[in-house]
Amino acid sequence: MSRAPVSPPMAALRPGQREALARWAEALRNGSRSELVVVPVGYGKTVIGVGSFEVAAALAGADTCLYLTPTDVLRSQVYAGLERALALIGSTRPVRKLMADNAALPRVHATAANVIVATYQQVVAAPGAYQSLCRRRQVHLVCDEAHHLGERGRWAAAVSQLPVVSRLLLSATPVRLD
């Protein structure tokens, strides 16, 4: 596991995005492997989520990002915005992305995909396949709209069983009133 400093050229980021990634790097350096980032709606959580993979690759040895969302619409948005987010943080990481459907999971290894975008429902539908993926790789998990996980829900139970090297939870509403 590398301990080199993480300092990508992030001038294009919003101050809060830079701060979130700096705090994530510091948390990893201090031994934490799971953190929550709360930012307002529309602030750019996808940039933070994608950037967290860059940080986790440098500091925790992650070689794959599993980016989970609660809806197919958000899954498509994240998938479409990956390269832009990497460019904003100044990453030169080659991205081989796959928008997961559970039938496509065997292609992850064959395509050498290093970013898989899926929904929480997909993990619930095929927990063994996602656990296997996480055992074969050094996976950094991004849980977007993490307030949907709940402590006792099926999504939370399935996600908590994934053997990942690091986990970043993203939310604009960390407490649900429903």
Side-chain angles (χ1 to χ4, degrees), residues 5-60 62 64-91 93 97 100 115-124 130 134 139-178:
V6 176
S7 57
M10 299 188 293
L13 297 183
R14 294 175 175 162
Q17 291 170 324
R18 279 192 304 274
E19 181 180 352
L21 292 174
R23 286 185 179 198
W24 172 237
E26 188 61 26
L28 287 173
R29 285 186 193 102
N30 290 332
S32 177
R33 293 295 180 254
S34 184
E35 294 288 326
L36 169 67
V37 172
V38 179
V39 293
V41 172
Y43 198 76
K45 289 187 303 291
T46 301
V47 172
I48 295 169
V50 172
S52 74
F53 173 45
E54 187 77 13
V55 174
L59 297 175
T64 303
C65 180
L66 176 58
Y67 200 116
L68 299 179
T69 70
T71 66
D72 283 329
V73 170
L74 188 52
R75 178 178 69 139
S76 295
Q77 288 173 353
V78 168
Y79 185 83
L82 279 165
E83 287 86 357
R84 180 183 169 276
L86 286 168
L88 278 172
I89 64 169
S91 174
R93 177 175 307 287
K97 62 185 181 177
V115 179
I116 298 99
V117 185
T119 64
Y120 296 120
Q121 297 94 319
Q122 289 174 297
V123 175
V124 169
Y130 286 91
C134 293
V139 173
H140 169 61
L141 177 65
V142 176
C143 296
D144 205 347
E145 302 295 340
H147 56 276
H148 288 286
L149 290 174
E151 291 181 14
R152 293 176 296 207
R154 291 178 58 207
W155 293 358
V159 169
S160 71
Q161 297 301 311
L162 298 176
V164 297
V165 297
S166 58
R167 174 184 328 252
L168 188 76
L169 305 162
L170 296 168
S171 183
T173 49
V175 177
R176 291 180 64 168
L177 299 178
D178 61 350

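Only a predicted model underlies this, so the values are computations on that prediction, with no experimental measurement involved.
The minimum heavy-atom distance linking A158 with V124 is given by the pair CB-CG2, 3.9 Å. Heavy atoms only, all atoms of each residue included: L86 and E54 are closest at CD2-OE1, 4.2 Å. Listed here is the closest heavy atom pair of A100 and I116: CB-CG2, 3.7 Å. The shortest heavy-atom contact between V37 and A20 is CG1-CB, 4.0 Å.
If you take SG on C65 and CG on L141, they are separated by 8.0 Å, rounding to the nearest 0.5 Å. Separation of atoms CG (L36) and CG (L170) is listed at 8.0 Å; rounding is to 0.5 Å. A distance of 8.5 Å separates CG in L149 from CG in L68, rounded to the nearest 0.5 Å.
At least one donor-acceptor pair under 3.5 Å links the side chain of Q121 to the backbone N or O of P70. Between the Q122 side chain and the T119 main chain, a donor and an acceptor come within less than 3.5 Å of each other. Checked by atom type and distance alone, the side chain of Y120 never pairs as donor or acceptor with a backbone atom of H148 at under 3.5 Å. The backbone N or O of S52 sits less than 3.5 Å from a side-chain atom of W24, completing a donor-acceptor pair.
Under the 4.5 Å side-chain criterion, counting only non-hydrogen atoms from C-beta, L88 is not in contact with V50. Between V78 and T69, some side-chain heavy-atom pair lies under the 4.5 Å cut-off. Side-chain contact between R167 and V159 is present, with at least one heavy-atom pair separated by less than 4.5 Å. L82 places a side-chain heavy atom less than 4.5 Å from the side chain of V117. Contact annotation: the side chain of L13 approaches that of L21 to within less than 4.5 Å [non-hydrogen atoms, C-beta and beyond]. Inter-residue side-chain proximity for Y67 and R75 is flagged as unmet; no heavy-atom pair is nearer than 4.5 Å. L169 has its side chain out of reach of S171: every pair of non-hydrogen atoms, C-beta onward, lies at least 4.5 Å apart. K45 has its side chain within reach of D144: a pair of non-hydrogen atoms, C-beta onward, lies under 4.5 Å apart.
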Going through the checks in order, is the salt bridge (Lys or Arg N to Asp or Glu O under 4.0 Å) test met by R23 and E26? CA-CA 5 Å; R23 286 185 179 198; E26 188 61 26; over 6 Å; no
Could you go through the side-chain contact (heavy atoms from CB on, under 4.5 Å) check for L74 and E145 one step at a time? CA-CA 10 Å; L74 188 52; E145 302 295 340; 3.7 Å; yes
Taking it one step at a time, do V55 and L28 satisfy side-chain contact (heavy atoms from CB on, under 4.5 Å)? CA-CA 9 Å; V55 174; L28 287 173; 3.9 Å; yes
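In this pair, F53 and H140 present their aromatic rings parallel. The plane angle is below 30°, not in the 30 to 60° band.
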